[in-house]
2 protein chains.
Amino acid sequence: MTGLRERKKQRTRDALVRAAHELFVEQGYETTTVDEIVAAVDVSQRTFFRYFSSKEEVAFSLQRLVSERFLEAVRQRPPGGSPVEVLRSTLVETWGSIGEAIEEIAPIQLYMRMWQIIETTPSLIAVHLRHSMEMEEQLAAEVARREGLDLDDDPRPRVLVAAFSGVMRAAIRSWSGGEDISVSAARQAVESYVAQLGPALSQDWSTGGTSPSHVVSAAALTARPPGTPSSN
Amino acid sequence: MTGLRERKKQRTRDALVRAAHELFVEQGYETTTVDEIVAAVDVSQRTFFRYFSSKEEVAFSLQRLVSERFLEAVRQRPPGGSPVEVLRSTLVETWGSIGEAIEEIAPIQLYMRMWQIIETTPSLIAVHLRHSMEMEEQLAAEVARREGLDLDDDPRPRVLVAAFSGVMRAAIRSWSGGEDISVSAARQAVESYVAQLGPALSQDWSTGGTSPSHVVSAAALTARPPGTPSSN
DNA sequence: TGTCAATTGTCAGCGACTGTCACTAGCCTC
DNA sequence: GAGGCTAGTGACAGTCGCTGACAATTGACA
């Protein structure tokens with residue numbers, strides 16, 4: 001059992017995350033000041049910066065939680081299965097428990113709405129892209145480990161992960177730009193996009209398009225799955 | 001002919017860019033203050049922020065120049081040829097004139113060294129990724145226009161451009177992490193990476209790897225070209 | 001040459017972030 | 001259960017990026 005000191009720290013940290021998310025969602029990221037966040041939790045600004053190295057960090061704290069959980073789940077996965085399938089099934093199977101982990105800190109709706117804020121705030125888009133890059137690197141290392149490959153010699157892990165994470169980003173972007181920002185809509189968007197990844201790469205898509213046949217398999221990577229609304 | 005006022009503006013702008021690049025390269029981006037930059041050019045800080053909306057913007061001013069020139073060159077390109085080939089040949093043919101455009105503002109070595117700063121400064125990496133995304137969107141629109149396609153219906157322009165720009169980024173990263181940061185080394189790295197793009201996508205790469213055959217064509221996208229030193 | 005408009009400098013101020021130091025409150029020992 | 005130890009907090013002063021407002025300057029043009 002953890003001590004009182006520890007629990008107190010966790011509480012203030014969670015409170016800061018929750019307050020920050022509420023304010024960001026309510027009035028936007030740029031227009032929310034750190035002073036407003038700490039006022040809502042009633043701690044000093046100095047304390048805020050002891051928990052988070054920047055205002056950006058608190059905005060991505062839940063995203064980071066999700067990334068870490070997912071990465072950990074992939075690491076725990078028993079050997080076997082193709083890498084794409086490992087990533088896909090890990091995603092599907094951990095979705096629920098990761099959702100619960102979020103709920104312990106803030107209502108999941110807040111997390112969902114925060115995605116919209118990120119995707120519409122230029123400075124956050126930039127940071128998000130960098131995080132994705134870092135996440136890709138770690139995932140690629142794990143895939144390489146599982147397959148017994150050397151990341152320096154074999155580019156396939158990185159490529160696989162890049163494709164996977166590209167599809168994830170496309171799904172999130174499509175979902176966050178749409179009408180229904182519910183959890184189930186997100187899950188559906190992500191799962192249907194990801195489900196296309198394997199088939200799209202193995203099937204032959206050159207069914208009479210104007211494009212040369214060598215780009216079509218890759219093209220399917222960002223194709224909208226049927227029934228998904230176009231979001232621009 | 002442009003008036004004196006106009007020329008004076010151009011001079012101070014170029015001087016700011018040059019001074020900023022010199023300082024960034026010499027002592028790092030974060031540790032260089034805007035006050036140092038304006039002191040080197042002897043203008044007020046307010047003037048700096050009239051030319052550049054942020055410290056980041058001046059750091060990317062030469063990169064932006066290059067992007068714009070390249071995009072413009074693609075736009076000027078007569079119809080015909082496959083999209084990949086159009087991008088590749090435009091790159092090769094405009095390399096020289098773009099270099100000259102840079103030289104009018106700052107020594108090209110400074111531009112080259114600035115890449116290293118960008119690639120090793122987290123906040124600049126993030127901004128760079130966002131710029132790449134924006135550039136991809138514009139290039140994709142142009143490719144779609146050339147091919148008479150609708151970007152909303154056909155994902156292939158975006159995919160093609162994403163692949164192209166991914167290869168470019170990989171090339172730059174490999175080059176900037178290496179020993180030889182000369183212009184010719186950069187050119188060689190970029191051109192050899194890009195040259196692989198077409199063949200890599202059309203060839204069959206499944207020559208007895210452990211991976212499923214459906215990822216190998218994509219895998220070749222980030223493969224190191226022969227003779228290029230590994231840079232991590 | 002005098003008027004107009006564009007450009008610049010000065011100043012005051014906000015917001016993100018950091019170093020420092022005194023203080024408070026869990027924790028651990030006797 | 002008292003007292004020392006230390007992790008965590010608050011208060012304060014200061015730096016740096018960036019902005020608005022207004023006055024001073026300087027090229028443009030009649």
Side-chain angles (χ1 to χ4, degrees), chain A residues 1-17 19-24 26-61 117-118 121-128 130, chain B residues 1-21 23-24 26-61 117-118 121-128 130:
Chain A
M1 184 70 181
T2 69
L4 171 57
R5 196 181 261 170
E6 201 82 0
R7 272 175 286 145
K8 223 172 178 179
K9 263 173 61 178
Q10 194 58 50
R11 265 206 303 275
T12 42
R13 195 197 151 87
D14 292 352
L16 283 170
V17 171
H21 277 68
E22 276 162 6
L23 287 165
F24 291 158
E26 195 178 310
Q27 58 188 25
Y29 174 79
E30 308 279 9
T31 54
T32 300
T33 68
V34 174
D35 280 338
E36 289 177 291
I37 299 170
V38 299
V41 182
D42 200 40
V43 294
S44 73
Q45 207 200 45
R46 199 65 188 84
T47 296
F48 175 91
F49 284 110
R50 286 200 184 94
Y51 282 101
F52 307 98
S53 65
S54 67
K55 192 174 128 185
E56 276 162 3
E57 194 179 314
V58 73
F60 283 97
S61 55
I117 302 289
I118 291 172
T121 307
S123 63
L124 295 185
I125 292 178
V127 174
H128 172 53
R130 201 188 68 223
Chain B
M1 184 73 182
T2 69
L4 169 58
R5 194 178 262 172
E6 200 82 359
R7 273 174 285 145
K8 222 172 178 179
K9 263 174 61 179
Q10 194 58 50
R11 267 207 301 276
T12 43
R13 195 197 150 87
D14 292 352
L16 284 170
V17 171
R18 202 176 318 119
H21 277 68
L23 287 165
F24 292 159
E26 194 179 311
Q27 59 188 26
Y29 175 78
E30 308 279 8
T31 53
T32 301
T33 67
V34 174
D35 279 338
E36 289 178 291
I37 299 171
V38 298
V41 182
D42 199 41
V43 295
S44 73
Q45 206 200 48
R46 199 66 187 82
T47 296
F48 175 92
F49 284 109
R50 285 199 184 95
Y51 282 101
F52 307 98
S53 65
S54 67
K55 192 174 129 185
E56 277 162 2
E57 195 179 316
V58 72
F60 283 97
S61 55
I117 302 289
I118 292 173
T121 307
S123 64
L124 294 184
I125 292 178
V127 174
H128 175 219
R130 202 187 69 223

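A note on names: the letters A, B, ... follow the listed sequences, proteins ahead of strands, and every chain is numbered from 1. Because only heavy atoms are used, hydrogens play no part in the values below, and waters and symmetry mates are left out as well, while side chains stay in.
- As a whole-Å value, the separation of B/L4 CG from C/dT8 P is 12 Å.
- Heavy-atom nearest nucleotides on DNA chain C were determined for B/K8 and for A/V34, and the one closer to the 5' end corresponds to B/K8.
- Judged by distance alone, the side chains of B/E30 and B/S123 do bring a donor and an acceptor atom under 3.5 Å apart.
- Contact of the A/T47 side chain with the A/V38 side chain is not registered, since no non-hydrogen atoms from C-beta on lie closer than 4.5 Å.
- Using a 4.5 Å heavy-atom threshold, the side chains of B/I118 and B/F60 count as touching.
- Both A/E6 and A/Y29 lie close to DNA chain C; mapped to their nearest nucleotides by heavy-atom distance, the more 5′-ward contact belongs to A/Y29.
- Between the side chain of B/E36 and the main chain of B/T33, a donor-acceptor pair closer than 3.5 Å is present.
- Each of B/D35 and B/R5 was assigned the nucleotide of DNA chain D with the nearest heavy atom; the assignment lying further toward the 5' end belongs to B/D35.
- The CZ atom of B/F48 lies 7.5 Å from the OG atom of B/S54; values are rounded to the nearest 0.5 Å.
- Cation-pi geometry between A/K55 and A/F24 is not met at under 6.0 angstrom from the ring centre and within 45 degrees of the axis.
- The nucleotide range of DNA chain D contacted by chain B, defined by atoms under 4.0 angstrom from heavy atoms of the protein and reported 5' to 3', is D/dC16 to D/dA28.
- Counting only distance, with no hydrogens or angles, the side chain of B/H21 and the backbone of B/V17 share a donor-acceptor pair below 3.5 Å.
- Atom CD in B/Q10 sits roughly 19 Å away from atom P in C/dA6 (whole-Å rounding).
- Nucleic acid contact class of A/T32 (heavy atoms, under 4.0 Å, all strands): sugar-phosphate only.
- Applying the side chain to side chain contact (heavy atoms under 4.5 Å, CB included) test to B/Q10 and every residue at least two apart in sequence or in another chain returns B/R13, B/D14.
- Dashed line: the shortest gap from a side-chain N or O of A/K55 to OP1 or OP2 of C/dC17 is not under 4.0 Å.
- Near-neighbour residues of DNA chain C inside residues 38-54 of chain B, defined by a heavy atom below 4.0 Å, number-ordered: B/V43, B/S44, B/R46, B/T47, B/R50, B/Y51.
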